[in-house]
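Shown next, in C-alpha cells, is the structure this report addresses.
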Amino acid sequence: MDRIPILRMGPFLLVTIQVDMYDQLALTLQEDLTDLIARSGARGVLIDISALDLVDSFMGRMIANIAQMSRIMDARTVLTGMRPAVAITLVELGMQLPGVRTALNVDRGMELLRAELAAEAVATTGDDEWEPAPQAEPGHADDQP
Amino acid sequence: MPTTSPDAARAETLSIAVEADVVRVRQAVRTRAAALGFSIVDQTKVVTAASELARNTLKHGGGGHCRVEPVTAGGRVGLRLVFEDQGPGIPDVRLALTDGYTTGGGMGLGLSGSRRLMTDFDLWSEVGKGTRVTVAKWK
Ligand SMILES: Nc1ncnc2c1ncn2[C@@H]1O[C@H](COP(=O)(O)OP(=O)(O)OP(=O)(O)O)[C@@H](O)[C@H]1O
Ligand SMILES: [Mg+2]
C-alpha cells in the first residue's frame, strides 16, 4: 500500500506531500501521523506542499484535520511551501485553514516552531513552577531505530 | 507542447468511476489549459474546479464522465468542462450552491467555489435523473 513518509527532525515531524492525494492515502497519513506524535512526543508538524500544483477542498480538509488532531496532541502544525497560484486559488475557493500557520519554506517553518517552543518554555517556567515537567510516559517510549 | 498539434483543439471525454479517475481528469485539464496558454494562476483555478466537480460526480453522482473541450468565441480562446452523471440529482440547486452546504460531510465548497473559480458556470440537475455541471474559463 502507498504511504507518505514522515521524517523526524528533532522535536518535529516533517511530511512532504509530493503525490496526488486520494482518500485512502490521506487517511493512512493521518493515522501514521497521530501514531507517531503519540510515540515520539513531537511538538510540531511541518507539512511541506511545495511540490503540489493544487490544493482542493479535499486536501484542504485533510490539512485542517491534521492540524486539529496535532493540536489536541499538543503539537503545532505549519504548512510550508505553498505556491502563490495555489494560495490565490484557495482563497477564491473559499477554503480557510483554521489553526494552520504557513511559512515560506521548511527552514522558516522550523524557525517558527522553535521560536514558539522557546516562548512556551519561558512562559511555563515563569508562571507554573510547581507544575511537573512533561515526561515520557512508560509505554510511550521512543522506538526510533 | 506544440500548439499546432491537431489534438490540442479536439474534445475528449474521460470516465469518472474510481478515485484514480479524478486524478486523471486533473491531469488532462492541466495539460489542456497549459496548451491553450492559460497563466499558471488560471491553470490552477481551472484544475482545482475540475477536481471539485469530478469528485462530486464520483461521490454524489455515483460516477459519470467529464468532457474537456477547447472553445473559441469572438476571437477568444477558452476551455469548457462538462461533468455529467445519472445519479440521484440535486433537490435544491440553490441550496447546493451555498457556501458550506453539504450532505456528505464535506466542506460544502465544491460547487460554490468552482463557480467563483470559473468564468461561466451552469448547473442542471433533476432528481432521479442526474446532474450536469458546465463550466468554462476564458483567456
Ligand atoms: N453530481 C452531484 N449529484 C448529486 N448531488 C450533488 C452533486 N454535486 C453536488 N451535489 C450536492 O451538492 C452538495 C454541495 O456540493 P459541494 O461540492 O459544494 O460540497 P461537498 O461535495 O458536500 O463538499 P466538498 O466538495 O467541499 O468536499 C453536496 O453535498 C451534494 O449534496
Ligand atoms: Mg464537493
Side-chain angles (χ1 to χ4, degrees), chain A residues 1-4 16-31 47-69 71 77 79-100 102 104-105, chain B residues 16-34 38-60 81 83 96-102 104-119 121 135 137:
Chain A
M1 195 183 65
D2 287 340
R3 263 199 148 80
I4 294 175
T16 305
I17 301 176
Q18 276 169 326
V19 294
D20 258 312
M21 279 316 250
Y22 51 90
D23 282 354
Q24 193 49 53
L25 195 59
L27 287 177
T28 309
L29 174 62
Q30 288 183 8
E31 279 167 25
I47 304 175
D48 187 61
I49 56 164
S50 54
L52 290 188
D53 57 14
L54 97 154
V55 172
D56 60 9
S57 68
F58 170 77
M59 294 271 290
R61 193 167 77 224
M62 182 202 70
I63 292 165
N65 280 349
I66 287 176
Q68 218 176 343
M69 290 184 324
R71 182 180 289 251
T77 303
L79 192 62
T80 65
M82 188 188 291
R83 297 184 188 181
V86 172
I88 292 167
T89 302
L90 263 186
V91 170
E92 206 160 295
L93 186 63
M95 183 86 217
Q96 277 150 12
L97 297 170
V100 184
T102 54
L104 207 59
N105 53 42
Chain B
I16 302 171
V18 290
E19 275 233 29
D21 293 335
V22 177
V23 176
R24 284 199 306 123
V25 167
R26 281 207 290 262
Q27 284 162 353
V29 170
R30 168 75 67 179
T31 305
R32 281 315 174 95
F38 277 100
S39 68
I40 294 291
V41 170
D42 278 349
Q43 284 179 39
T44 308
K45 289 181 179 181
V46 175
V47 177
T48 304
S51 184
E52 296 295 338
L53 297 173
R55 200 174 282 282
N56 280 355
T57 300
L58 180 66
K59 289 235 160 134
H60 306 299
L81 310 171
F83 295 84
L97 274 166
T98 313
D99 262 359
Y101 177 81
T102 177
M107 316 255 339
L109 291 175
L111 284 178
S112 52
S114 300
R115 178 149 77 163
R116 283 189 291 269
L117 291 170
M118 303 297 285
T119 326
F121 182 98
V135 293
K137 186 105 186 156

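Every chain is numbered from 1, with letters handed out A, B, ... down the list of sequences.
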Determine which donor-acceptor pairs between chain A and chain B fall under 3.5 Å and list them with their distances.
| residue | atom | partner | partner atom | Å |
| --- | --- | --- | --- | --- |
| A:Asp20 | OD1 | B:Arg26 | NE | 3.2 |
| A:Asp20 | OD1 | B:Arg26 | NH2 | 2.5 |
| A:Asp23 | N | B:Glu19 | OE1 | 3.4 |
| A:Asp23 | N | B:Glu19 | OE2 | 3.2 |
| A:Asp23 | OD2 | B:Lys59 | NZ | 3.0 |
| A:Asp53 | O | B:Arg30 | NH2 | 2.9 |
| A:Asp56 | OD2 | B:Ser51 | OG | 2.5 |
| A:Ser57 | N | B:Glu52 | OE2 | 2.5 |
| A:Ser57 | OG | B:Glu52 | OE1 | 2.7 |
| A:Ser57 | OG | B:Glu52 | OE2 | 2.9 |
| A:Glu92 | O | B:Arg116 | NE | 2.7 |
| A:Glu92 | OE1 | B:Lys45 | NZ | 3.2 |
| A:Leu93 | O | B:Arg116 | NH2 | 2.8 |

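Contacts between A:Met95 and chain B at a heavy-atom distance below 4.5 Å involve backbone atoms as well as side-chain atoms.
Checked against side-chain hydrogen bond (donor to acceptor under 3.5 Å, both in side chains), A:Thr16 has no partners two or more places apart in sequence or in another chain.
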